Structures are given as C-alpha cells and as structure tokens.
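Below: the structure, in structure tokens.
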Amino acid sequence: MTKSSSVVGTATVAAAAAAIVISALAVQAEPSRGTLVVAVNQEPQDLAAQGAYKEINAPGLRNVLETLIAVDPVSGEFIPVLATAWERIDGNTLRFTIRDGVTFHDGTDMTAEAVAESISWVWSAENAFTIQEYAGPGEITAVAIDDATVEVRSSEPDPLLEFRLSLNGISSPTQLAEDPARHFDTPIGTGPYAFVEWQHGQYWSATYNPDWWGLSANDAYGTSTPAFSDLKFVFRSEDAARVAMVESGEAQLAMFPSADDCARGMDAEGFNCVTGPSTTYLYGRLDHSLHADERLADPRIREAVFSAIDIAGIVDLYGMASVPPGQLGPKGTIGFNDAVKPYAYDLEHAMALLDEARADGVDVDGLEIEIVGRDTTPRIKPIVEALGAMLGMAGIGTDIKVQTPAEFNPRVRITGYSNEPGRQMMQVHVKQNPSGDYGLLLLSNYACPNIDDPTGPSRSSVYCDEAFDAKLFEALASFGEERGERMRELVQYVHDRHLIVPLALLDRGHLVEAGLEFTFGTDHRIQAVYLKPDA
C-alpha cells in the first residue's frame, strides 16, 4: 500500500466495474484473517436501518445493513446493491428491481413487500427518525408492484430521490413486525457481516455472513471478498487513544487522526495514513429567531460576530482542512455560487458595528454568546476556545462549553430552543453533505421549523423567514439548470444575512495497518469489502 490519498474520481467507471467483476470472480473461501478492529471517534447514536446514512455517528453500520443502491467510492456513480436495476418514472417516482435470493440475517426472505415496508418505515414522517434531516420536500413511501418490483414515490417532485434511496438501510420485516424497538440497537440486515453485540461505552461487533449474496453475484460491490472473520468497532473519542491502538497493533484502522499524527503515519513502518477529501464541513450556527435573544436578530450584531472570526486561523488549528468558499460545500455542488466569498476577518469593522448598535441603545455589553460543541467532534475544545477568544477581542462576551452528545444533541433540536427562552448560542458542529446539492443543506439548516411539530428536516434550523421558504420550496421542486440557478440565489441570500459561518472544509484521514489497502469515497465509509489485504 502506498501512502497516497484515496480520492473519489481518480479511476474511471470502467476501472471500477472491472474491480467489481474481479471481486465476483475471486475464489470463495472462508475469511483469511481474524478480527478487524477499528478505533472510531464516537459511539453510535443508534444502529438502526434509518441510521445507515450517518457514517460519522454510526461507523461501520453498512457492513450489516445494506441499501438498495450506493455511491461507488471510486467513480462516485450509483451502483446496485439490493436493487439490480432502477428507473425514473417521473419527477416523483422511482421503480426498483429487487435482487433475487437474498435473505436477512434472521433467515427471513428479502421480498419486494419487505423492502417496501422497510423504506416506508424509515422515511415515515410519523416515526420522525433523524434521517428526516436528509428528507426532501415530500414524504417518501414505497409499495411492492409485484414480487420483484418496488416503486418508491415522493409526494412532491424530488430530483434527489435516488440519492435519498442510497441512505436508508433495509432491515428484517420480522423484526419490524414483532419487535420494532430493537430496530435501534440490534440491526438485522443482509450485509456481508451479521450483528453480534453492542457493549455500550465500549464497542459493537459483527461476524462474517457466509450466506451473503455478494459471494456469488457477478455485480457485488467492493474490491475484495470479506477478508476478516469478525469486525469490532471500539469507541475512543480522544485522538491520541485511537492513534495508540494502531501504533500498538491493537487496531488495524483508526478514524480521523490529527494532522500531526497523520504526518507521522506517512513515515511509520507499521502503519500508514491514508487521506482524502470529504463532503464534511465544520460550521457555526448562530441562533437567530424562534426563541433566541432578540439582540441576535440585529444584523449589525451578527455581522460583527462573523467579522471577528479568523476563519483561516480556525482552519490551521483544525489541520487537514481548507478555508471554505463562504458556503457549506465545495465547488461542484449544485447551487455553488462563485460570487460568494468567505466572511472577511476584520476586527476593526466588528468593533465599529458593535459601537453603532450600542449607540442605538442595544445592550451589546450584556451579550454572552454560548459557544458550544460536542465532545465527539475531533479537536473541538481548542476550536471553541479559539472562537471565544476571537469574539472576546471584539468585545463580545462568551461562555465556552464542550458537551457530551446526550447534552448537546437535544439542545440543537427545536425542542431545545423552547426550553431555553432568550438563548444566545453558536453551535459549532460537523456535518456532511453527501448529496452534492445545496437543496439538502438549505432545507435542513435554514428553513423555518415547526415548533409544535419538531420532526421534519428543518428540526435543527435556527432561522425562520417565510419569503425564503417560499423560494426554497420552489427551488427544491426544480430540475436541471433552473435548479442550479435558484439554489445559487438562495446561497447568496443566506450568506448576506450572516446566519451560519462556514469554518472549515475538512479532509479526512485514517491510520491503516501496513499491508492493508483501504478504498473509500468522500463519505469515508468503513466497509470491510473495501479493505484489501496484500496478497
């Protein structure tokens, strides 16, 4: 294995297809190695089929739960998984041909009815699972057309419906019927590994599935047949602890080392550091409307806060990152606006804006903005401390906090707002945009949430503007160049109102045991069939 980066788009579609064929023709044998131990940066929030979309919060889950289609980590194209073919019927509808002869880990047959039931369950607005943050403008439902065909429909036109169907895992209908509560902690899927146990606070594990359909299919995904007999995902939030596990040989792979640790890995003998771009960004969401302190709706206060932040300094502090282009994603994202630039660091301008507001009677000196991060975010403590120091230099009071997911997560949902009237908060958070489209980000971060029904995709939004929402929902139903133009206009709109400050566009790295080749895409999923030991 070389110490070069693994990047989506570096190989042709033909090369990716060839790799799949080679995998399918490989000699089917028992795994040649024992347990693959992966040191991950956080314990899963859940192990549900609905959580198969979140590699950061549920690392490795795709080894157990499979989707209808997936994004190939090399070509970036959609590839078949539990569906062998699919077609777009109209703006609202997709039709999938279901793979024959697949069984769930509990022995249940994967039928078209089972697939339809699982999709409808996961995307149900009534269930309101966290995958709703990746939902579109309409509700997604599925029906079995015949024994081999499932039709998935959005109640509103949805250009991203294929993408959304690459997110949700398909799980056992027996479990959903008889014990749906176990959906969250005991996944029953169809993947190359079957779930074994979740030892809370320590690890979760899975074992090789000798009945996996991919062992005999000629279109199985991955670069190798499963090489490991078992998988063990060990929870270590501290960077140093994950690094130490690989250095000592206790783990074969560790997620997200620091830039310094990755640099050391480039020269180490027993392990390598493999890096690549991601769709992940670090950002600060500053409370604006709803139940927030009314001073945070003053455009001068907001611009002063953003002008006081040295974004380049935050990027240097994080490491393995770049200055984001003033918006939550890289060039190439549908709706990317070339006219939008990073917020300029200008301390004098920030102080002048505060003086202007103060002269108009705004109690600027009484501000105390809570800058809060989740402790599972790599290097979060120095980042929130740096942000506090930057705002302090402009004369803005701050309160710095780093909280556990149990404390942090409820506070960034709508229900958390109403429990803290008059709140002054900037949430410093990491999030992905695997869709390659700004529609998903605009809906989840900026659309007005429903305080009385905090279940939709905008449940974490800190903003509410009816005029913006009207334009957004028109844009979400549009296709092609019209969609891009509408999204570009909205990206400019939210940028000018200083609602969210993009702090860093992240690269991601992994420490990998020497002798293992790790292929991943911009979502950095850890799947054993993409880990190939040297011959």
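Everything numeric in this text was worked out from a predicted model, so none of it was measured.
Heavy-atom minimum distance, Ala58 versus Gly51: CB-O, 3.9 Å. Heavy-atom minimum distance, Thr519 versus Thr223: OG1-CG2, 4.2 Å. When all heavy atoms of Pro277 and Asp507 are compared, the closest pair comes out as CA-OD1, 3.6 Å. Nearest heavy-atom pair, Ala259 versus Gly319, reported as atom, atom and distance to 0.1 Å: CB-CA, 4.1 Å. The two residues Pro502 and Ile311 have their closest heavy-atom pair at O-CD1, 3.7 Å. Contact record, Ala339 with Asn337: N-OD1, 2.9 Å, taken as the closest heavy-atom pair.
Side-chain contact of Asn63 with Gln527: a donor-acceptor pair under 3.5 Å is absent, judged by distance alone. Side-chain polar atoms of His524 and Gln432 form no donor-acceptor pair below 3.5 angstrom. For the 3.5 Å distance criterion, the side chains of Gln42 and Asn57 qualify, holding a donor opposite an acceptor. With hydrogens and angles left out, the side-chain atoms of Asn409 and Arg374 include a donor and acceptor closer than 3.5 Å. Counting only N and O atoms by type, the side chains of Tyr493 and Asp465 include a donor and acceptor under 3.5 Å apart. A donor and an acceptor atom, one from each side chain of Arg242 and Asn41, are nowhere located under 3.5 Å apart. Under the 3.5 Å distance criterion, with hydrogens and angles disregarded, a donor-acceptor pair is assigned to the side chains of Ser460 and Glu133. A side-chain N or O of Glu43 and one of Trp198 form a donor-acceptor pair less than 3.5 Å apart. Side chain to side chain, Asp437 and Ser435 fail the donor-acceptor criterion of an N or O pair below 3.5 Å. A side-chain N or O of Tyr221 and one of Glu66 form a donor-acceptor pair less than 3.5 Å apart. With no hydrogens or angles considered, a side-chain donor-acceptor pair links Thr130 and Tyr53 at under 3.5 Å.
No salt bridge links Asp338 with Arg488; every basic N to acidic carboxylate O contact stays at or beyond 4.0 Å. The pair Arg33-Glu513 counts as a salt bridge, with a side-chain nitrogen and a carboxylate oxygen less than 4.0 angstrom apart. Taking 4.0 Å as the cut-off between side-chain N and carboxylate O, Lys232 and Glu250 do not count as a salt-bridged pair. A salt bridge links Asp46 to Lys54: one of the charged nitrogens lies within less than 4.0 Å of a carboxylate oxygen.
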- Task: Might you work through the side chain to side chain contact (heavy atoms under 4.5 Å, CB included) test for Gln252 and Val246, ending with a clear yes or no?
- Result: CA-CA 6 Å; Gln252 287 75 48; Val246 174; over 6 Å; no
Discussion item. If you apply the rule side chain to side chain contact (heavy atoms under 4.5 Å, CB included), what do you find for Thr398 with Met426, and how did you get there?
Written reply: CA-CA 10 Å; Thr398 60; Met426 177 183 283; over 6 Å; no
Can you check side chain to side chain contact (heavy atoms under 4.5 Å, CB included) on Arg411 and Glu420, steps first, answer last?
-> CA-CA 9 Å; Arg411 300 188 69 205; Glu420 302 179 64; 2.7 Å; yes
Fill in: Test salt bridge (charged side-chain N to carboxylate O under 4.0 Å, His left out) applied to Asp158 and Arg164, step by step
CA-CA 10 Å; Asp158 188 354; Arg164 302 188 210 285; 2.7 Å; yes
Starting from the C-alpha separation in whole Å, work towards a yes-or-no answer on side chain to side chain contact (heavy atoms under 4.5 Å, CB included) for Glu370 and Lys401.
CA-CA 7 Å; Glu370 179 185 354; Lys401 288 182 182 176; 3.1 Å; yes
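Within the 4.5 Å cutoff, side-chain heavy atoms of Leu490 are placed close to those of Phe468. Contact check for Arg483 versus Pro159: side-chain heavy atoms found under the 4.5 Å cut-off. Using a 4.5 Å cut-off on side-chain heavy atoms (C-beta onward), Leu391 and Ile371 make contact. Between Val402 and Glu407, every side-chain heavy-atom pair lies at or beyond the 4.5 Å cut-off. Contact annotation: the side chain of Phe271 never approaches that of Val512 to less than 4.5 Å [non-hydrogen atoms, C-beta and beyond]. Within the 4.5 Å cutoff, side-chain heavy atoms of Arg285 are placed close to those of Asn445. The side-chain heavy atoms of Glu303 and Asp298, taken from C-beta on, include no pair separated by under 4.5 Å.
Centroid-to-centroid, the aromatic rings of Phe129 and Phe184 come within less than 6.0 Å. Centroid-to-centroid, the aromatic rings of Phe233 and Tyr203 stay 6.0 Å apart or farther. In this structure, His498 has its ring center no closer than 6.0 Å to that of His288.
For the atom pair CG (Asn272) and SG (Cys262), the distance works out to 10.0 Å, reported to the nearest 0.5 Å. One finds the OG1 atom of Thr376 at 12.0 Å from the CZ atom of Phe235 (value rounded to the nearest 0.5 Å). Rounded to the nearest 0.5 angstrom, Met255 CE and Asp239 CG are separated by 11.0 Å. Of the inter-residue distances, the one linking Leu505 atom CG with Leu282 atom CG reads 10.5 Å to the nearest 0.5 angstrom.
Ring geometry for Tyr343 against His495 counts as parallel: the plane angle stays under 30°, on a 0 to 90° scale with 60° as the upper cut. Under the 30°/60° scheme for interplanar angles, the aromatic rings of Phe518 and Phe520 are found to be tilted.
When each of Ile396, Leu296, Leu353 is tested with Ile301 by the rule side-chain contact (heavy atoms from CB on, under 4.5 Å), just one qualifies, namely Leu296.
The cationic group of Arg379 lies under 6.0 Å from the six-membered ring centre of Tyr318 and within 45° of the ring axis, placing it in a cation-pi geometry.
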